[in-house]
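Worksheet: the structure to be examined is printed underneath.
Hydrogens, waters and symmetry mates are skipped; everything else that's a heavy atom, side chains included, is used.
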Amino acid sequence: AKPKREEAPVRMSNFERNQAAILQGRVGEVVYLNIYNVTGLNKMLEYVGFGLYHTSVGLYDLEFSYGGHELAQAGTVVVERGNSAGLELKESLPVGITYYSSDEINDIVDYFGEFWHGKDYDPFSKNCNDFTAELIRHICDKEECYVPTYINRFTKLGSMLRMWFKPLQELVGDIVN
């Protein structure tokens, strides 16, 4: 009989060993995309494939979102789950799993705030839906996360229309903002 050959031990870097040790004791947390109706007209708009939505990421009994203001500081917003400024919840979709702790999520959102200033908010090109999609892709496993494209369809159409109206804006002034 042929003697069995011993396999060489798998070599891991210090980073890989530390990461494995940290993640070994963690339980995944479901990440939700909360989709709110901005207007009662959505019931009609949805028939033609559009709608006006506000979104937030639901995680650890909190909601993380982005909004505009005039200050050169973070436009990121953290509120208790369900505190939606009076908007009607359309649906809360499970979109992925994260292994980040609550404190790590807060640190990530704080970091995002350095790039998502309130004064940079634009309803057509840098809005709450863009923020939530980016945050979800950052905190969830890339192959496992899902962000529905319909949430930003109306704003992308508006962005195209704004480009077409640029020459008209120069003639008559700002008609979009």
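With sequence neighbours left out, E88 forms a salt bridge (Lys or Arg N to Asp or Glu O under 4.0 Å) with K43. With sequence neighbours left out, Y111 forms a side chain to side chain contact (heavy atoms under 4.5 Å, CB included) with E114, F115. In terms of the side chain to side chain contact (heavy atoms under 4.5 Å, CB included) criterion, residue partners of Y100 (sequence neighbours excluded) are, by chain and number, T98, E104, I105, I108, I139.
Summarising the geometry of V77 relative to G67, their closest heavy-atom pair is CG2-N, 4.4 Å, with the distance given to 0.1 Å. When all heavy atoms are compared, the tightest approach of C140 to V31 is SG-CG2, 3.6 Å. In terms of heavy-atom proximity, H54 sits nearest to L87 at CB-CD1, 3.7 Å. The shortest heavy-atom contact between L59 and E29 is CD1-CG, 3.2 Å. Scanning all heavy atoms of the two residues, the minimum distance from F131 to T76 falls at CE1-CG2, 3.6 Å. Smallest separation of non-hydrogen atoms from V147 and I151: CG1-CD1, 4.2 Å.
Here OH of Y66 is found 13.5 Å from CG of L135. Values are rounded to the nearest 0.5 Å. Rounding to the nearest 0.5 Å gives a distance of 5.0 Å between CZ of F112 and NE2 of H138. Taken to the nearest 0.5 Å, the CD1 atom of I35 stands 8.0 Å off from the OG atom of S92. The OG atom of S65 sits 9.5 Å away from the CG atom of N34 when rounded to the nearest 0.5 Å. Y60 OH to R81 CZ: the interatomic distance, rounded to the nearest 0.5 Å, is 11.0 Å.
Residues L52 and L41 have side chains not in contact (no heavy-atom distance under 4.5 Å, counting atoms from C-beta outward). For the pair N127/D122, no side-chain contact is recorded, criterion being any heavy-atom separation below 4.5 Å from C-beta on. Residues T132 and F64 fail the side-chain proximity criterion, which asks for heavy atoms closer than 4.5 Å. Counting only heavy atoms from C-beta outward, the side chains of Y36 and E91 never approach each other to under 4.5 Å.
In the hydrophobic cluster analysis, where Ile, Leu, Val, Met, Phe, Trp and Tyr join through side-chain heavy atoms closer than 4.5 angstrom, W116 is grouped together with L62. Under the 4.5 Å side-chain heavy-atom criterion for grouping Ile, Leu, Val, Met, Phe, Trp and Tyr, V109 is not connected to V79 through any hydrophobic cluster.
Checking side-chain atoms of N37 against main-chain N and O of G40 turns up no donor-acceptor pair under 3.5 Å.
No close placement of the H69 and Y121 rings is indicated, their centers lying 6.0 Å or farther apart.
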